[in-house]
Colleague: 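Pasting a structure here, questions to come.
We number each residue from 1, following the sequence as shown. Computed over heavy atoms, backbone and side chain alike; hydrogens, waters and symmetry mates excluded.
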Amino acid sequence: MGILQQFYNDNFSPVGDIVVVAMCFVMLILVYTSYVNKTKTFLYFNIIIGLLLMAAITDIGYHYQLSGITSSEGHFTVYLLRILYYFALTASLFMYVIYIADVQRLELSKKKPIILIAMIVLAVVVVFDILGIVRETGFHINDDGTVTNGKSIFPIGYIVFVGIIIYMMVVFRNRIFKQVMRGFYGTMLVSFIIISVQQFSKQSSFTVATFLFPTVAMLYIIHSNPYNIELGAINVSAMEDMLRYYYEKSKTLIIMSLYIKEFDEEGKNIPPAIQAVIRRFASEFFKGAVLFQVNNGHMILLADKALNPDYEERIAKMFVDFEVEYQQHKLDYKIVYGESIDEISRNSEYIAFIRHIHRGMKFNEKHRIDMGDVALFNKYEYILKELADIYRGGNLRDPRVLAYCQPVFNVKTGRYDTAEALMRIKLPETGLVFPDQFIPLAEENGYIHTLTKIILQKTCDEIRYLLQEGYEVNRISVNVSVLELRDEGFCDDIFKIIAESGIPSEKIAIEITESQSEKDFEVMKAKIDVLKEKGIKFYLDDFGTGYSNMERIMELPFDIIKFDRSLVLASNNDTKSEKMVDGLANMFADMNYSVLYEGVEDDNDEKRCINMSASYLQGFKYSRPIPIMDLKNFFSKVKETA
């Protein structure tokens, strides 16, 4: 109690600094026991915590040593602790400047002069404090043990640093989301008030604590709170909480979803100019709106309908402004908007719901949510549940997966001896489901390879049956997703199914679409090489649908190039288009590729394609997709060809 009494007699209580020490350790425990990106900003945050710890501990030590002074001699420790105390405080202000500059992503040309000024202020304060002690113009201990504070430059340095910070936060305010700015301003205001009250009361117990408040704001807003401080967006876990709250309160939310294809890649940053646009749209049009970031390219804005009764007009104005921005930046987008729906809110399924809507949208379209979307979403959720069950079951002859096929006409022989295997799913509640409805779901959720294995198994079963019955089977092709090739066990799975079916491997072909990804291209090339060694042939599917890198096609050992229906249509437009398609087909034929035209629908298409170096023809002229067991109605028996 004697020591504490001495502290209090000096208008100082260690309580404030003890709380600071405790809070610093609590914050360090929190950030190191939760997920935090180990960025340069986080390093600066740790340095600030360390400096505040140093300031609090040296302040306690300084006042403890000061309380026992009886003469002017032997007080090196007091001077040292005081110098370290003011150095830690001033250095923490300097680190606040560094920290904010990093958060604002200031360019070197803007950051360099600010940091230089801050360094000069730091050096002046520290040097002036030391010189004041040495020359006894500042703090010093008199011969009788009394203390003279003298002149101190620290308050001036403090004001200058605060001025620098305010300058940065005002001049570069557009670099940080408005809500984040308010958080910093609020904590700084609290610090100023406490400092002022402390000065008025001639106290010094809470100086370090006032430096701690902005640090707490950093922890909450930047390192722990899910804010993306540049966009002002929060992560989806917070969105689920908001949706749940409004659903339980029977309140309606306005929903605005923006998807930008350009940024839908891991690690691809949104440029500052686009960030500024998103921040403006998130804060300008709706009262109390909150922005959530689903992933790099997908943002969802939620706003209370009660606060925005005129939201229809607000949305209309937003779209007018959005069109202006689109004309400037030309980034492909999809916008979904409308009011919250209880059926979706109940389980916080808006992300899956909006992604489902995206599948049916073209780019640069806006779609208003309606109950028809909910009905379709419920259907897709049911299909997804069944796909998950098929995946978990692992039955390669699962009756829910149906093998269909489309016969392919061999121009050279004038017969049907090849076909393309196709997939359908038949479910109790929906009946027959077509590939465009379930393939994207299977790819997104990792079920596609299981479906491919099932269709391959059923295709092999049918080939074995046809061969046993004496039918001539050149081959049947099976479609494979590029995503499957990333699986290290892909080739082994294909080999195993074919081998256990007891059919020659050359009776199976694989159709694959060229990938735009360099990484996928290398994987594809390696897998094709392995499979071709076993006699499996490869088709390049969908040639002519918008992306065709001729150099890459030449690198991949395809056997057959499938010309998309779009090229068949184009060749019928005019002589120039026909010559272009014909030239491409002749080029492939000269290099020993077979050319297959798909989408042949009438005699005119057939004649034109045959004249354009066709080896195979496929389309409704010959047959629509049929159950694979009906393929025997098209194939010929070997003995009939004798």
Colleague: Does the pair R608/D605 count as a salt bridge with the N-to-O cut at 4.0 Å?
Modeller: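 Yes.
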Colleague: Does NZ or CZ of R244 come closer than 6.0 Å to the centre of the six-membered ring of Y247, within 45° of the ring's axis?
Modeller: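 Here R244 fails the 6.0 Å and 45° test against Y247.
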Colleague: Could you tell me which non-hydrogen atom of Y597 sits nearest to which non-hydrogen atom of A585, and how far apart they are?
Modeller: OH-CB, 3.3 Å
Colleague: Where does the angle between the aromatic ring planes of Y326 and Y333 fall among parallel (under 30°), tilted (30 to 60°) and perpendicular (over 60°)?
Modeller: perpendicular
Colleague: Taking the six-membered ring where the residue is Trp, are the ring centres of Y337 and F319 under 6.0 Å apart?
Modeller: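 Y337 vs F319: aromatic centres under 6.0 Å.
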Colleague: Determine whether a donor-acceptor pair (N or O, by modelled atom type, separation under 3.5 Å) exists between the side chain of T450 and the backbone of Y391.
Modeller: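 Here the side-chain-to-backbone pair does not exist.
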Colleague: Are Y416 and F635 an aromatic pair, judged by ring center distance below 6.0 Å?
Modeller: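 F635 vs Y416: aromatic centres not under 6.0 Å.
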Colleague: Can you see which heavy atom on I455 is nearest to which on L422, and at what distance?
Modeller: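 So the two residues come closest at CD1-O, 3.5 Å.
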Colleague: Please name the pair of heavy atoms, one in A421 and one in N479, separated by the smallest distance, quoted to 0.1 Å.
Modeller: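 Here A421 and N479 meet closest at O-ND2, 3.6 Å.
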Colleague: Please report the shortest heavy-atom distance between I536 and F495, naming the atom on each side.
Modeller: CD1-CE2, 4.4 Å
Colleague: Mark yes or no for whether Y616, through its side chain, and T418, through its backbone, hold a donor-acceptor pair below 3.5 Å.
Modeller: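 No, the answer is negative, given that no donor and acceptor are paired below the 3.5 Å cut-off.
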Colleague: Tell me, do I274 and F263 make a side-chain contact under 4.5 Å, heavy atoms counted?
Modeller: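 Contact flag for I274/F263 side chains = yes.
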Colleague: Under the side-chain contact (heavy atoms from CB on, under 4.5 Å) criterion, do N364 and K362 qualify, and how do the steps go?
Modeller: CA-CA 7 Å; N364 307 321; K362 295 178 181 178; over 6 Å; no
Colleague: Using a 3.5 Å distance criterion without hydrogens, assess whether the side chain of K537 forms a donor-acceptor pair with backbone atoms of D559.
Modeller: no
Colleague: Output yes when a side-chain donor or acceptor of K334 lies under 3.5 Å from a complementary backbone atom of H358, and no otherwise.
Modeller: yes
Colleague: Considering only NZ, NE, NH1 and NH2 on the basic side and carboxylate oxygens on the acidic side, decide whether R400 and E386 come within less than 4.0 Å.
Modeller: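 Yes, this pair counts.
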Colleague: About how many Å separate CG of D398 and NZ of K458, when rounded to the nearest 0.5 Å?
Modeller: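 It is 6.5 Å, given to the nearest 0.5 Å.
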Colleague: Output every pair passing salt bridge (Lys or Arg N to Asp or Glu O under 4.0 Å) with a member in residues 422-449, not counting sequence neighbours, ordered by first then second residue.
Modeller: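 Sorted result for residues 422-449: R359-E444.
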Colleague: Of all heavy-atom pairs between G599 and V568, which one has the smallest distance, and what is that distance?
Modeller: O-CG1, 4.3 Å
Colleague: Looking at every non-hydrogen atom in both residues, tell me the closest pair between S501 and D461 and how far apart they are.
Modeller: OG-OD1, 4.4 Å
Colleague: Can a donor-acceptor pair be found between the side chains of S477 and E511 at a distance below 3.5 Å?
Modeller: yes
Colleague: So does K412 pair up with D417, basic N to acidic O under 4.0 Å?
Modeller: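 Salt bridge absent between K412 and D417.
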